[in-house]
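On a predicted model such as this, the values are computed, not experimentally measured, just so you know.
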Amino acid sequence: MNVTTIKDPRRYFEAVGESRTAEAASPPVCLYLEVTNRCNLLCETCPRTFEDLEPPADMSWELFTSIIDQVPNVARVVMHGVGEPMLVKNLPRMIRYLKDRGIYTLFNTNGTLLTPRKQRELIETGLDELRVSLDAADARTFLAVRGKDMFNRIVRNISSFTALQKEMGVTNPLVSMWLTGLKETIGQLPAFVQLAAQIGVGEVHLQRLVFDDAGFGLARSESALFEHTQSEEDEAVRAAQAVAASLGVRLNASGATEPGLSLKATENEQPWSTCRRPWSLMYFTAHGRALPCCIAPFSARGYENYTLGDATQQSLREIWNSPAYRDFRTTLLTDAPPKPCQSCGMRWSL
């Protein structure tokens with residue numbers, strides 16, 4: 001399999017093979033780079049709204065290129081973490097650096113900074129995917145979930161962006177809209193799909209909610225849908241699927257899962273047991289701290305408890321099969337996995 005052509009997230013795990021031992025046999029095929037941990041919104045589902053995870057920073061150009069250059073065969077780079085990537089001045093330069101190396105490149109944005117100048121600039125970088133986290137189908141709900149009254153601005157920005165793509169005759173980046181599945185928002189999913197179609201977006205994702213034991217804002221068990229959907233919530237998903245089919249919009253859940261299926265429990269009592277992330281990807285914060293995956297910052301408090309290395313002090317080769325990484329992988333395969341993994345699949349919920 002040529003990993004440089006892989007798009008479907010499930011196939012990244014296939015690319016690393018079935019072997020899961022303490023030492024990873026191959027380098028990571030995917031990198032998550034938190035190009036900034038700064039943000040201009042106050043989302044009720046994000047930990048950075050409620051606590052300082054690390055000091056505010058953008059990833060330096062030197063750190064960014066150093067990480068990329070150490071994994072020459074990386075297939076996919078995701079340029080977001082807990083911040084808003086479009087706040088980063090170097091973002092277009094970073095994207096071009098990745099695309100010059102043939103790397104599939106994407107990031108999530110809140111869409112507030114997608115101005116006409118930046119729209120054309122992003123298209124010209126060769127970016128593969130632009131995922132817009134909108135989380136609501138109207139301004140009132142958006143304010144409740146995302147903390148600032150910017151819904152109409154974002155909708156105008158997305159509509160302008162897709163119109164510019166049509167004018168330029170381009171299809172990249174693939175634009176998608178994302179809604180976090182909460183009890184407070186799931187009823188808006190059919191209208192959300194309709195909105196996407198109206199502004200030229202052909203793909204919608206129902207994003208999973210991630211929360212930990214303590215909970216914060218709307219990221220708590222009371223808002224979660226996994227195994228707790230009521231009949232009207234199930235009906236909202238079915239209605240959204242019907243709307244999507246009628247309008248030609250692709251509707252999926254996060255993780256390349258069908259929305260209805262992602263709400264249901266499986267017979268697996270150890271939801272972490274099939275995870276392949278520690279064998280397939282690396283996540284780096286804006287400061288270069290290596291974390292086990294993109295879920296970790298949302299699923300456990302205290303980065304120091306699950307930091308696996310520091311890219312400003314160590315090479316990626318040293319980090320990837322360091323004692324910390326080997327211990328993490330070994331523990332993940334037991335009945336008592338590391339803290340960020342213990343509730344993954346139960347508290348990583350639609």
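A donor-acceptor pair under 3.5 Å is absent between the side-chain atoms of R120 and the main chain of L164, judged by distance alone. With hydrogens and angles disregarded, a donor-acceptor distance shorter than 3.5 Å links the side chain of Q314 to the backbone of D310. In this structure, W272 contributes its side chain and A336 its backbone to no donor-acceptor pair below 3.5 Å. Side chain of R48 to backbone of N37: a donor-acceptor contact under 3.5 angstrom is found. Under a 3.5 Å cut-off, the side chain of R276 and the backbone N or O of T274 do form a donor-acceptor pair. In terms of modelled atom types and a separation under 3.5 Å, the side chain of D58 and the main chain of A286 share no donor-acceptor contact. Although no hydrogens or angles enter the test, the distance criterion places no donor-acceptor pair under 3.5 Å between the side chain of S66 and the main chain of L63. Put simply, the side chain of S159 never gets that close to the backbone of V155: no donor and acceptor are under 3.5 Å apart. Using a distance-only test at 3.5 Å, with no hydrogens or angles considered, a donor-acceptor pair links the side chain of T36 to the main chain of A57. A donor-acceptor distance shorter than 3.5 angstrom exists from the side chain of Q165 to the backbone of P173, with no hydrogens or angles considered.
The shortest non-hydrogen separation linking F142 to A136 is N-CB, 3.4 Å. Contact record, T105 with M79: CG2-SD, 3.5 Å, taken as the closest heavy-atom pair. Residues N321 and R329 approach most closely at OD1-NH1, 3.1 Å, considering heavy atoms. Closest approach of R131 and S176 over heavy atoms only: CG-OG, 3.4 Å. For the residue pair E34 and E54, the shortest heavy atom distance occurs at OE1-OE1, 4.4 Å. Residues I123 and V170 share a closest heavy-atom pair of CG2-CG2, 3.9 Å.
Side-chain atoms of Q119 and S160 include a donor-acceptor pair closer than 3.5 Å. If you check the side chains of N110 and T112, you find a donor sitting under 3.5 Å from an acceptor. If you check the side chains of N40 and E84, you find no donor sitting under 3.5 Å from an acceptor.
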> What's the verdict on side chain to side chain contact (heavy atoms under 4.5 Å, CB included) for V88 and F64, showing C-alpha distance, side-chain angles and the deciding distance?
Replying inline: CA-CA 12 Å; V88 178; F64 173 81; over 6 Å; no

>> Set out, in order, the CA-CA distance, both residues' side-chain angles and the distance that settles side-chain hydrogen bond (donor to acceptor under 3.5 Å, both in side chains) for Y97 and R93, then state yes or no.
In response: CA-CA 6 Å; Y97 194 82; R93 185 184 180 195; over 6 Å; no

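Separation of atoms CG (N252) and CD (Q241) is listed at 9.5 Å; rounding is to 0.5 Å. Rounded to the nearest 0.5 angstrom, L291 CG and L308 CG are separated by 7.0 Å. Within the model, atoms SG of C46 and CZ of F298 stand 4.5 Å from one another, a figure rounded to the nearest 0.5 Å. Here CG of N108 is found 6.0 Å from CH2 of W178. Values are rounded to the nearest 0.5 Å. Remark: H205 NE2 to L179 CG distance equals 12.5 Å, nearest 0.5 Å. Taken from CZ in F161 to NZ in K118, the straight-line distance is 13.0 Å, to the nearest 0.5 Å.
Between I68 and L33, some side-chain heavy-atom pair lies under the 4.5 Å cut-off. A heavy-atom distance below 4.5 Å is found between the side chains of T45 and L182. Under the 4.5 Å side-chain criterion, counting only non-hydrogen atoms from C-beta, Y104 is in contact with E129. Under the 4.5 Å side-chain criterion, counting only non-hydrogen atoms from C-beta, D135 is not in contact with T185.
Classification of the Y32-Y283 ring pair by plane angle, with boundaries at 30° and 60°, yields parallel.
Residue-environment remark: CG (D100) exceeds the threshold of 12 foreign heavy atoms within 6.0 Å. For K148, the NZ atom sits in a packed shell: over 12 heavy atoms of surrounding residues, nucleotides or ligands are nearer than 6.0 Å.
Under 4.0 Å is where a charged nitrogen must lie from a carboxylate oxygen, and between E235 and R238 at least one such pair does.
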Contacts table for residues 187-201: side-chain donor-acceptor under 3.5 angstrom, sequence neighbours left out:
residue, atom, partner, partner atom, Å
Q188, OE1, A137, N, 2.6
Q188, NE2, D138, OD2, 2.6
Q188, NE2, T141, OG1, 3.0

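Not counting sequence neighbours, the partners of Y325 by the ring-ring contact (aromatic ring centres under 6.0 Å, His included) test are W320.
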